[in-house]
Number of protein chains: 4
Amino acid sequence: MIDIHNSKIDISIGLDKAGFVNIKHPISLSVSDSEITNTIATFDLCVGVDSKTKGISMSRFISILNNNQVINWNEGTIYPILKEIEKEVKGIGVFYKVNFDFMIEREAPISKQKAFMPYSATIEASLKYKDNQEIYDYKYGVTAVGKTLCPCSKAISDYSAHNQRSFVTVNLRSNKPIFLKEIADLIESEVSSPIYPIVKRVDEKYMTELAYDKPKFAEDVARGIYARLMDDKRVTYFYVSSRAEDSILPYDAYAELEIYKYTN
Amino acid sequence: MIDIHNSKIDISIGLDKAGFVNIKHPISLSVSDSEITNTIATFDLCVGVDSKTKGISMSRFISILNNNQVINWNEGTIYPILKEIEKEVKGIGVFYKVNFDFMIEREAPISKQKAFMPYSATIEASLKYKDNQEIYDYKYGVTAVGKTLCPCSKAISDYSAHNQRSFVTVNLRSNKPIFLKEIADLIESEVSSPIYPIVKRVDEKYMTELAYDKPKFAEDVARGIYARLMDDKRVTYFYVSSRAEDSILPYDAYAELEIYKYTN
Amino acid sequence: MIDIHNSKIDISIGLDKAGFVNIKHPISLSVSDSEITNTIATFDLCVGVDSKTKGISMSRFISILNNNQVINWNEGTIYPILKEIEKEVKGIGVFYKVNFDFMIEREAPISKQKAFMPYSATIEASLKYKDNQEIYDYKYGVTAVGKTLCPCSKAISDYSAHNQRSFVTVNLRSNKPIFLKEIADLIESEVSSPIYPIVKRVDEKYMTELAYDKPKFAEDVARGIYARLMDDKRVTYFYVSSRAEDSILPYDAYAELEIYKYTN
Amino acid sequence: MIDIHNSKIDISIGLDKAGFVNIKHPISLSVSDSEITNTIATFDLCVGVDSKTKGISMSRFISILNNNQVINWNEGTIYPILKEIEKEVKGIGVFYKVNFDFMIEREAPISKQKAFMPYSATIEASLKYKDNQEIYDYKYGVTAVGKTLCPCSKAISDYSAHNQRSFVTVNLRSNKPIFLKEIADLIESEVSSPIYPIVKRVDEKYMTELAYDKPKFAEDVARGIYARLMDDKRVTYFYVSSRAEDSILPYDAYAELEIYKYTN
């Protein structure tokens, strides 16, 4: 059977990426030292292609994915997967990205009722070459929702203040693995009040008052997380974005910050 | 050239709907007696099919759409479009649905600054047959965003109250045309505070305090709109939904109500 | 602490639905007699509300969800969950809806390579009252993607034919439980060719030729499924929609059919 | 009235971006020398913030947007808008991004029937500072849908070949303005066959055969556009991505290429 993927090409240029995107696949992942999320994730898997290769043999990506459904957080098992993809698909460099939702059991602050809180996460890993040197990059992060209360509204109003859902994303590189739950905890400690999946009236009162006592702009949330991550020696790079779905406006307030701590 | 659409079929059953969905097309529409929105809308256009017709000749839908880019709100021009589709496509009954965003210039309550506020709308029209009687149905509505402040949170907290974006939808049938702007106005008068596209500090103070003085559950918003539409003689049927993107929970509070006022 | 949800209301009208929507929660579900999907689902949970109740005590929904993460397909465990919600939340009638993705291991037709194929599903259940009679309704279904090849394009072209992804939805009521995998199998047998998650060249050749030998309009797919479900004594009601993301047009061809087989 | 945005801050770090995202606003834009699209666009508008500023005065963004609804393609009016934002909002650098759909009237290849074809576009502009030098960047591009037919499937099958919708994005920097229509034309000339908004049987035959005669992988589309843009002296930088919504797989084939032609 003819292999068109290996036939001659007319336009001799390499490709930065060739592969598959929007692959749905089951994963099992430790989000803390005691909690595992089982879910269906969305993967993008690509390789770099040289100027002589017409097309790549894509079915290998899926075989490798199939053999690696458990993302073993503690031991950094992503690197060998990338090496396997590179070898099997015959690419020059590899790009691996996975998005998924995960859940953490949370306890309401006063009633102590427990239920599952949803978060989303991204892992991005790549293998590149520069001056014949292999460069491996591994970046991961969490988007969590929290409540922010507007400091301006509080200061100028005779009573109350507008507050809203804020979506905060922290992506980072680290020299030691950091559980996704720890990143979610960090975000929730820097908003005006965390949000809980189950809330009784005693919790509602507590959260309402806490948020009023701790007002935050989108800018403040980004800066608060900055201060915390600057103090964390495990973190070598981070990106923070904070997007407040403002309850007095039809669009979202936004702040963003990116820090390369160590050249590493 | 063979016309497969008119060839014999094996399975002799009529279809409730056959046609095209997700058609993007430019429209021009009067949203009030003085404001026109020009935008790109999304259409679903279908007909009923009898048990002898294999497939329908679909290109006619697009020709007819092309000839009717201006949706003339005042004169109810949808009916002749449906009749034209039915005749040209040779269907039994017609289904017409269009979704689009529209904008209304709004003035901030205190600073009087003006800018454009976004809304979304749906028009659904159909032609059916029952006992050889033609039944024409025409339904339209608006989704608007407003601010709701939680009455429970206000009552139990020593100070402040949680508040959030609420998305309220009103769909209705009427015996006289009602402008989309009027429906948007109705929704905004029944939330805790309208949202404005441009807000100065004096407006922010006003909106914060107004919302605290007028707390509303999702249920209250639906009921408030109910009371208003029951009093409106033009309205013969309505559906209201109110969805609060709660700022203390990761999911949305919801209330829904549907009223057939007159058999009409 | 004041209970505002139980305070007097001004506008005395019942609500068709009040509750929570867009709740993310983990589920575990048997999709066939040997395969389980673990994933994060999205729930809508509502009750009907009488004209004297201002607001409902919503946290109970989440407690009940928390106690019912395993959706036990074989024994129809949804009914007792609805009864529990109705009692705990003090509603009049209950509405339960859950959407989720699930995966089935599929084998490529020639190479016999195995990988996971994604599908999506919906379960809708409700409890209503009419003339003091309780009416329990339970409906479920699958959306699967398949390949359809256009019969018209094949007939009029000297060679080849356009083909595309089609998204087919079957929702049904049954007097015996039918596994989601069985519904997915049915859909895949009625398109021009099933789609597989892993495909070698021998499979690609097979699928290409199979689709050309078995051309189908969106209308044909709906009618083919109609014929199959009419013959299935377990099925008492069904809805089929077939949406082809046409590869020669920027919008989708669509066909829909709904059959109430038995008054049941 | 207190101005909290100008109050002292605790954490002294500048922000890369602060502003508003997801702003819906009407625009009017020349997509060719004779065609104008009127639609509702989505804007992200941010500035850089220094380490002493707590929050920015955001309402100015909207005033400026309001005064610039016509995006005058021929004269590059984006730069003065950025300068105005920077001055009014007192930022250090500006980020401007707008996404919108636009329509071009297209004529079917044989029947010559005319209708509107949908495309989407992005304009990104920024103002930054490096070593006290202002750096202005302006990038724009189009995503268009076309038909691609798989060369492998054609080569290995006894007859027919699988084909599908492909979404191709070209973003570029240029030293002379290039109309969005011209970019859309380029993309459509490099797929297996363009897609048309209205298609008669004679057109369908033509497109089916054309695609079979001109098979293309996602990789081929990216490379074809590469060759064309390398020859275009107006283009100083480009990014191409090609994503095929494969009709034999549940995920998408993807290729990507980025070229900095001149340091410019």
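When reading the values below, keep in mind they use all heavy atoms of this one structure, side chains included, and skip hydrogens, waters and symmetry mates. As the structure is a prediction and not an experimental result, all values here were calculated from the model. Throughout, protein chains are lettered first and strands after them, A, B, ... in sequence-line order, and every chain is numbered starting at 1.
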Report which part of A:F102 has an atom under 4.5 Å of a heavy atom belonging to chain C: side chain, backbone, both, or neither.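 Contact with chain C involves the backbone of A:F102 alone.
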What part of A:I2 gets within 4.5 angstrom of chain C, counting heavy atoms only: side chain, backbone, both, or neither?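 The answer is the backbone of A:I2.
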Give each N or O donor-acceptor pair spanning chain C and chain A at a distance under 3.5 Å, with atom names and distance to 0.1 Å, or state none.
| unit_1 | atom_1 | unit_2 | atom_2 | d |
| --- | --- | --- | --- | --- |
| C:M1 | O | A:R201 | NH1 | 3.2 |
| C:I2 | O | A:R201 | NH1 | 2.8 |
| C:K24 | NZ | A:D101 | OD2 | 2.8 |
| C:S59 | OG | A:K200 | NZ | 3.0 |
| C:N66 | ND2 | A:K114 | O | 2.8 |
| C:D101 | OD2 | A:K24 | NZ | 2.8 |
| C:K114 | O | A:N66 | ND2 | 2.7 |
| C:K200 | NZ | A:S59 | OG | 3.0 |
| C:R201 | NH1 | A:M1 | O | 3.2 |
| C:R201 | NH1 | A:I2 | O | 2.9 |

Out of A:V202, A:I23, A:I40, which one racks up the most heavy-atom pairs below 4.5 Å with chain C?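 Among the listed options, the one with the most contacts to chain C is A:I40.
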Counting heavy-atom pairs under 4.5 Å to chain C, which of A:L65, A:V199, A:I198 comes out on top?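 Option with the greatest count: A:I198.
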Part of C:P26 lying under 4.5 Å from any heavy atom of chain A: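 Interface part for C:P26: both.
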